[in-house]
There are 2 protein chains.
Amino acid sequence: MSHMAYACLMAVDREHVLRSAAALLARKSTSTMDEVAKAAGISRATLHRLFAGRDALVRALEGLGIEECEAALTAARLGEDTAPEAVRRLVRELEPAAGLLAFLYTENQLFEGEQLYEGWARIDAGIAALFRRGQQSGEFRIDLTPAWLTEALYGLMASAAWAVSEGRAAPKDFTHMVVELLLGGALRREES
Amino acid sequence: MSHMAYACLMAVDREHVLRSAAALLARKSTSTMDEVAKAAGISRATLHRLFAGRDALVRALEGLGIEECEAALTAARLGEDTAPEAVRRLVRELEPAAGLLAFLYTENQLFEGEQLYEGWARIDAGIAALFRRGQQSGEFRIDLTPAWLTEALYGLMASAAWAVSEGRAAPKDFTHMVVELLLGGALRREES
DNA sequence: GCCATATGAGACATTCTTGTCTCATGAGAA
DNA sequence: TTCTCATGAGACAAGAATGTCTCATATGGC
């Protein structure tokens, strides 16, 4: 087996294991390394060969979350169209990563060692900039700070991901639930 | 020391310890029994005398959360006034318990043994009924289910509690942030 | 067929947390 | 003062999860 083939195989496996771990930990954040391994269909030994330890695994998951968020930000083209439309695209792009995001969002111990803090800061800044743009254009209200709107976006996505995984909501409604509540709120609009 | 005095002292201590534990676990949900004890200013031995074990402590916290929620539901008089006003009162009454709620909300393992499920079900039903009332009166939009609005209320309160405890938002803005986003959303209203 | 190597199975020590125990101490009641 | 009892300090064992190790196996390239 050549070096290239070896590297490629490893990358594929790491990716697959990471996805499985994300799906499992999103449901049960206290899952054991053994459970993570079984969920990925590999042995605990191999899991430890791929990730030095639990910390490394969580860190890798955080890295994956950052990657997916940045990809979503890019794909959503937050600078184009009206701000509400951009928010809708953002949520739609973020939806596949919602479970992972929910896990990372509640894993408050992540910020003890703040290596990857920059990554999240850039993402937060990008989302907050979108809300700020909407405020400056007069589309969004100005009595709620961009920071809080960003936080609320995370919180609603986590709640929606949780509701879907618990069967309390249909997966197809995810984007609608989050976007409509985040943008329009519960109040009925006057037909204008 | 008489039996009455004994019972009274114990009750007070349990309450205080429970509050401390709630405050600590809201910030770091993996805190050790030793850390919980130190945070409450007692020894681990006494903590174990008050609560049989970690499970019992978490169960007691869940019981406290249910109590506070029910008290808040009662105090908020959800059946009176307009639905939006009732929501505002509800959030205001719920605010002191927000940290505890955030902890319980993310402690998904609670529902493995579903002893206290009834308590939460009653609370959820009460809140959902409020949203349903608002929908029937035409104040709330009907394309978002009462169940999702309830879920979103929890999620936003958790996000806000988290943002406040991290210093990303001012405590005094808590109710405003939650209520305004939940009811009105990010979109600017047309002045009518 | 032969060899390299990634994998799985499992043993093992280590660490952390928990739960239980004992004992000395100090505060409060009689 | 004296007694009672809750408390704190600490030792101890049990259990779980982790990290590391070895070895047998099987898969894939030569």
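FYI, side chains are in, hydrogens and waters are out, and symmetry mates aren't considered; it's all heavy atoms of this structure. Chain identifiers are assigned alphabetically (A, B, ...) following the order of the sequence lines, protein sequences preceding nucleic acid strands; residue numbering begins at 1 within each chain.
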Nucleotides 9-22 of chain C: protein proximity per nucleotide (B base, S sugar-phosphate only, - neither; heavy atom, under 4.0 Å):
B-B-----SBBB-B

Donor-acceptor contacts under 3.5 Å from residues 77-85 of chain B side chains, at least two apart:
unit_1, atom_1, unit_2, atom_2, d
R77(B), NE, E80(B), OE1, 2.9
D81(B), OD2, R89(B), NH1, 2.7
T82(B), OG1, E85(B), N, 3.3

Enumerate the residue pairs fulfilling salt bridge (Lys or Arg N to Asp or Glu O under 4.0 Å) with a member in residues 170-179 of chain B, sequence neighbours excluded, ordered by first and then second residue.
none

Is the distance from OP1 or OP2 of dG8(C) to the nearest side-chain N or O of T46(A) less than 4.0 Å?
yes

Round to the nearest Å and state the distance from H16(B) atom NE2 to dA6(D) atom C1'.
17 Å

Rounded interatomic separation in angstrom, taking CG from L47(A) and C1' from dA17(D):
13 Å

Sidechain N-carboxylate O distance under 4.0 Å for R54(B), E107(B):
no

For A152(A), which residues count as a side-chain contact (heavy atoms from CB on, under 4.5 Å) partner, sequence neighbours excluded?
W148(A), L182(A), L156(B), L181(B)

Rounded off to whole Å, could you give me the CG-to-P distance for the L50(A) and dT7(C) pair?
7 Å

side-chain contact (heavy atoms from CB on, under 4.5 Å) partners for E180(B), two or more places apart:
R141(A), D143(A), L144(A), R88(B), H176(B)

Which pairs pass ring-ring contact (aromatic ring centres under 6.0 Å, His included) with one or both residues in residues 25-50 of chain B, sequence neighbours excluded?
none

